[in-house]
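A short worksheet on the structure shown next.
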Amino acid sequence: MHTKCLGHNIFFSKVIDSTNDWAKELAKLGAQEGTVVIAETQTAGHGRLSREWISPKGGLWFSVILRPETNSTEAANLMFIAGLAVARVLHKLYGLNTEVKWPNDVLVDGKKVCGILGETNAAYKIASFVILGIGINANFDVDSALPEALRETVTSLQTMLGQKVKLEELFMALMEEIERLYGTHKAVGFPTILGEWKKYAGFLNKSVEVACANERLIGLACDVDCEGALLLKLKDGRIKRILVGDVSLPEEP
Ligand code: BTN
């Protein structure tokens, strides 16, 4: 692997509750930047907003420990690095037309192929670690491996490509791309990463529905700002700034 730091220490387990939880424990114990936890299956994988993340065998489930020494907003922005890296690598290796959806899903043909869960020790002003948890639905068939309720909105690489992919090759390409983008982020800052991320953001300038807090808002997804917030233009012209929520796009006619 052609990385300076990412993936030099790898903890692998066949079965684990959650790679993010294990990575957090390791980070608290002082694991160095670039340490990765990876598992074949997770029994308690979790996603954003405390949702369950179903992690059958064949997926690529891993978490990377970063130590960016920035404040918690900048630390949260590192999630965009993961989304951009996945979108780029899936396009480069398999020619897939990938898109990113705010805040950090990666889609192929409008269906989710990857989810990203970022966690940081936000109790401190300066984050002493950030965990980038990345789940890619890779080598399993969606119809046989996932519950019916998910099949409308979720896909896998195997389902899209009609064949399995080499997980090691995919993993190594991701390590290299994440390291490259992390270097860019440190050298020139988040706006450059965000600009690149927006090139994949098919939801921008479209009418979307956003589920946030206890409401559902409909509006035009105008932009994502430099703190990673979604700017939604409501019907009455007001711009609503959303920090946490779920975007869905209406079906194409
Ligand atoms: C989401 O879309 O809600 C985020 C899903 C993140 C899933 C990954 S799989 C590896 C890592 N371990 C976890 O428990 N979650 C993340």
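In each ligand, atom 1 is the first atom listed, and ligand 1 is the first ligand listed.
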Check: At a 4.0 Å cut-off, with the gap strictly under it, does some heavy atom of H46 reach an atom of ligand 1?
Finding: yes
Next item on the list: Give yes or no for whether the N/O distance cutoff of 3.5 Å, strictly under, is met between W53 and ligand 1.
Entry: no
Next item on the list: Say whether, by atom type as modelled, one donor and one acceptor occur between the side chain of K101 and the main chain of V247 under 3.5 angstrom.
Entry: yes
Next item on the list: Each residue besides W22 in its hydrophobic cluster should be listed here, by chain and number; the cluster joins Ile, Leu, Val, Met, Phe, Trp and Tyr at side-chain heavy-atom distances under 4.5 Å.
Entry: F11, I16, L26, V37, I65, F129, I131
Check: If you count the atoms of ligand 1 from 1 in the order shown, which ones are under 4.0 Å from a heavy atom of F62?
Finding: 10 (C)
Check: Which ligand 1 atoms, with their elements, are less than 4.0 angstrom from a heavy-atom of G47?
Finding: 1 (C), 3 (O), 4 (C), 5 (C)
Notebook entry, point to check: Numbering the atoms of ligand 1 from 1, which are under 4.0 Å from a heavy atom of S18?
Noted result: 12 (N), 13 (C), 14 (O)
Next item on the list: Report, in ascending order of atom number, the atoms of ligand 1 lying under 4.0 Å from any heavy atom of Q42.
Entry: 9 (S), 10 (C), 11 (C), 12 (N), 13 (C), 14 (O)
Check: Just which atoms of ligand 1 are under 4.0 Å from any heavy atom in R48?
Finding: 1 (C), 3 (O), 4 (C)
Item checked: Identity and separation of the nearest protein heavy atom to atom 8 (C) of ligand 1 -> G135 N, 3.7 Å
Next item on the list: Applying salt bridge (Lys or Arg N to Asp or Glu O under 4.0 Å), name anything that partners K199, two or more places apart in sequence or on another chain.
Entry: E196
Check: If you count the atoms of ligand 1 from 1 in the order shown, which ones are under 4.0 Å from a heavy atom of G45?
Finding: 14 (O)
Margin query: Using the rule given for side-chain contact (heavy atoms from CB on, under 4.5 Å), can you reason through T159 versus K111, listing the C-alpha separation, both sets of side-chain angles and the distance that settles it, and then say yes or no?
Written below: CA-CA 11 Å; T159 302; K111 290 186 172 188; over 6 Å; no
Item checked: Close-contact set for ligand 1 against K112 heavy atoms, below 4.0 Å -> 1 (C), 2 (O)
